[in-house]
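What follows is a set of notes on a single structure, which appears directly below.
Source: prediction; values computed, not measured. Keep in mind that the numbers below use all heavy atoms, side chains included, and drop hydrogens, waters and symmetry copies. Letters A, B, ... mirror the listed sequences (proteins, then strands); counts begin at 1.
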Amino acid sequence: MPFDISKNTNYEAHKTAHRTNLCGQMDTSFVGREVSLCGWVNNRRDHGKLIFIDLRDFTGIVQLVFDPALNSEAYRLAKTCRAEYVLKITGTVNKRSPETINQDLKTGQIEVSVEAMQVLNSAKTPPFLLHEREKVEEMTRLRYRYMDLRTDQMQKNLRLRHHVTAQTRNYLNSKGFLEIETPILAKSTPEGARDFLVPSRLNPKKFYALPQSPQLFKQTLMFSGFDRVYQIARCFRDEDLRADRQPEFTQIDMEMTFVNADDIMATIEGLLAAVFKNSIGIDMQTPFEKMTWQQSMETYGTDKPDLRFGLPIQDLSSLFKDTGFKIFQKVLQKNGCIKCLACDSAHQFSRKDLDQLVEMAKSYGAGGLIWGKIDSNRDFQSPVSKFLGKNEIQAMVEQLRLKEGSLVLIVADNFKTTCNALGAIRKQLAQKLNLIREGFKPLWIYDFPLFEWDQKNNCLSPMHHPFTSPSPETISWLQDAPLKVKSQAYDIVLNGEEIGGGSMRIDDIAIQKQIFKLLNFTDPMIEQNFGFFIKSLEYGIPPHGGIALGLDRLVMILGSLTNIRDVIAFPKTQSAVCMLTDSPSGVTQRQLEEIHISLKEEE
RNA sequence: GGAGCUGUCGUCUAGUGGUUUAGGACACAUGCCUGUCACGCAUGAGAUCGCGGGUUCGAAUCCCGUCAGCUCCGCCA
């Protein structure tokens, strides 16, 4: 069930000098009582001698009635009211006559006959109708964010977000966690995303960096004996934006001492179960499903699979190992693989649809996409069928259990590209065929490779971060075959979104140094960037690990939304601009001089 | 860095080379209305079609460029 504002409001607490109650609170239990209410004019209906105003606050809408016979002054004022005027009224709650009850309104059983009114503020005509938010272009809503935020939807989203952070604090506090803040003006590090830099006025030519995450600080707090800490931490990464990525975002960031990965996962499962139960009333099954990285890539083509539908990727490499089909031959010679998706309802896919899927595969770097349909003669109708042997087709039909009307989509390329392309197409098919079931499907992905190969720089790079502990089972490969080493890292995935990730950390200085070496960090570089950290490892540090949840994404999923801008009060556009404040913007010459910066002329 | 989609009164949109003086709905203004509830009725105001070039007798419409928004690839330890 969706988040309900009324169930999460302490009405008594909102009593003030101006008002006795809230609008959405009004029901038949108030009949006969005099109340004072404050709010905005949602709508005015002027019948000449009788005026209705729908008064709105964050809890809902209540109908006010203005009758000149009751109070001519209030009636006269009501005539002048327009949408979004701010009112304070005092009146009596009356039961509506049966024929005037509005079933669509929570407060529709009653209305307030206004005896006194004060217009606290007037308003210009709003730039868009609040109840038409869904239709209004996002650009307009972001420009007038203060109006957008008045809408039911945004009120609900941000109140849900608050509820999630409140629940998080409650839960973690009860488990012995301390909330400790770490610096926002932090240190730039060479690894990972681009840093946002902040020049230092007091230290010419030097820069702080905004933290990409509080990683090293929270580990350091473990070294200091705080045992377990968390933080609702703002993080900054100067990378391109997406529907689920903003340059500044919020993590529920935590770290624990004397634990193993299972302890951390159990803690997160408890936290998420509490959050789901208390915010949207969903009971989550714990423990969550777990899957190795390898299995996830093989089966779903991604490390963040959406388990609300099946449609597994299947491997055809061995089936085609002796094929005469040149494309497959070449791929297999280069240690690539042949994988496919198979589904029913081939008739739903026009030639145009299939061409689009081919384009999609190409956009993910695949050489192409081979498609084929099983027709009524159980033949494989495909542009490439003439290149395939009869027995190969027969074997494929059997392995994939194809029947009339089956559609097969094959990608042959290197492992990563094949998975990537088919993973994306799998999601596309599920959407088109309406296979995505309602509900929430969390799972853990674990057993990640410790490193991946960076093609561009021709070196190893950490899959998670350089402080991730190798798994004991594979650590012996570190020197000779580092790409075979698995890490003690884990991601939590929900409905196809990565909502968090963490790891057990390295607590052995020798291993930490070895990893830095493997990553091609030179000694001076280590000293300069992680000097304090390496040094601290020498002073007795406990085994520790942690995790960070993406709060924005979590709330987005809880609210059944499709972009995180809708759960952020003041988000930025795809070009990282704030449409409300028009940041970023230029600064004065004087400001620049103070921070020892001169600007290059535009080329 | 790349691909795709979008841009017309305040808002949402119709319009795909010529009866377009750019139409409608909602919002807005004025007036009427005692039971409406995204009230109703009447009248009115409101857009040189994101911006700049080009093609054409003629451009909101076609072409090129550019800007902005969105989705995606790359990127995001």
Side-chain angles (χ1 to χ4, degrees), chain A residues 42-55 61-70 75 82-84 94 96-105 107-108 111 113 124-144 147 189-195 212-213 215-216 235-247 249 356 359-366 417 420-421 424 427-428 448 450-452 454-456 460-468 487 489 498 501 503 515 519 521 548 550 562-563 565 572-575 577 579:
Chain A
N42 198 60
N43 189 18
R44 183 182 63 112
R45 294 176 296 281
D46 187 343
H47 288 236
K49 283 287 175 304
L50 191 66
I51 298 172
F52 300 101
I53 285 179
D54 291 337
L55 192 68
I61 281 170
V62 68
Q63 173 164 282
L64 309 179
V65 189
F66 296 84
D67 188 339
L70 190 68
Y75 168 82
R82 296 294 181 270
E84 300 309 310
N94 289 319
R96 295 202 198 181
S97 62
E99 70 277 11
T100 60
I101 286 173
N102 184 350
Q103 299 290 359
D104 300 331
L105 204 60
T107 60
E111 61 193 8
S113 296
K124 282 177 74 170
T125 302
F128 56 88
L129 297 169
L130 296 195
H131 67 263
E132 285 186 350
R133 172 179 191 270
E134 238 84 308
K135 292 192 203 159
V136 178
E137 247 181 284
E138 193 176 7
M139 215 195 314
T140 309
R141 290 195 278 110
L142 290 176
R143 192 164 289 136
Y144 295 94
M147 300 305 288
T189 54
E191 274 294 317
R194 283 186 199 90
D195 284 322
Q212 297 177 26
S213 82
Q215 185 58 37
L216 289 180
C235 304
F236 306 86
R237 294 178 191 173
D238 189 4
E239 296 292 345
D240 286 3
L241 287 75
R242 286 282 193 286
D244 62 353
R245 272 163 38 189
Q246 283 273 306
F249 59 99
Q356 274 169 2
E359 283 313 305
M360 190 168 175
K362 284 181 179 167
S363 79
Y364 282 81
T417 304
N420 217 8
K427 280 204 281 193
Q428 180 71 27
F448 284 84
L450 186 63
F451 302 108
E452 56 190 340
D454 181 342
Q455 297 273 4
K456 209 167 59 189
L460 291 173
S461 95
M463 196 128 171
H464 187 52
H465 58 52
F467 318 107
T468 302
S487 71
E498 182 198 322
S503 63
I515 301 262
L519 292 169
F521 290 9
T562 53
N563 90 60
R565 294 184 298 277
K572 293 181 175 57
T573 65
Q574 195 155 52
S575 48
V577 166
M579 297 281 270

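- Pair assignment for U55(B): none, as no Watson-Crick or G-U wobble contacts are both less than 3.5 Å.
- A donor N or O paired with an acceptor N or O is not found under 3.5 Å between the base of U34(B) and the side-chain atoms of R45(A).
- With A68(B), A29(B), U36(B) as the choices, the nucleotide that has an atom nearest any side-chain atom of Q63(A) turns out to be U36(B).
- Distance R143(A) CZ to G10(B) C1': 13 Å, rounded to the nearest Å.
- Comparing C33(B), C75(B), C37(B) by their closest approach to the side chain of D54(A) singles out C37(B).
- When Watson-Crick and G-U wobble pairs are counted only if both distances are under 3.5 Å, A60(B) pairs with no nucleotide at all.
- A donor and an acceptor atom never sit less than 3.5 Å apart when one is taken from the side chain of R141(A) and the other from the base of G69(B).
- In this structure, U21(B) makes no Watson-Crick or G-U wobble pair, since no nucleotide meets both defining distances under 3.5 angstrom.
- Listed pair T573(A) / G69(B) meets the phosphate criterion, a side-chain N or O lying under 4.0 Å from OP1 or OP2.
- When the side-chain nitrogen and oxygen atoms of N420(A) are compared with OP1 and OP2 of G74(B), one or more of them lie within a distance under 4.0 Å.
- Pairing for G10(B) is with C26(B), a Watson-Crick or G-U wobble pair whose two hydrogen-bonding atom distances lie under 3.5 Å.
- Base pairing annotation: U71(B) forms a Watson-Crick or G-U wobble pair with A3(B), both donor-acceptor distances under 3.5 Å.
- In this model, a side-chain donor or acceptor of E111(A) finds a partner on the base of G35(B) within 3.5 Å.
- Taking only side-chain atoms of N102(A), from C-beta outward, the nucleotide of A29(B), C37(B), C73(B) with the closest atom is C37(B).
- Side chain of T100(A), nearest nucleotide from C12(B), C72(B), C37(B): C37(B).
- In a base pair of the Watson-Crick type (N1 to N3 plus N6-O4 or O6-N4) or a G-U wobble (N1-O2 and O6-N3), with each distance short of 3.5 Å, A47(B) is matched with no nucleotide.
- Donor-acceptor pairing under 3.5 Å, judged by distance alone, is present between the side chain of R245(A) and the base of C76(B).
- Side-chain N/O atoms of E137(A) and base N/O atoms of U6(B) include no donor-acceptor pair closer than 3.5 Å.
- One N or O on the side chain of E239(A) and one on the backbone of R194(A) form a donor-acceptor pair closer than 3.5 Å.
- Residue R237(A) places none of its side-chain N or O atoms closer than 4.0 Å to OP1 or OP2 of C75(B).
- Under the Watson-Crick or G-U wobble criterion, with both distances below 3.5 Å, G35(B) is left unpaired in every strand shown.
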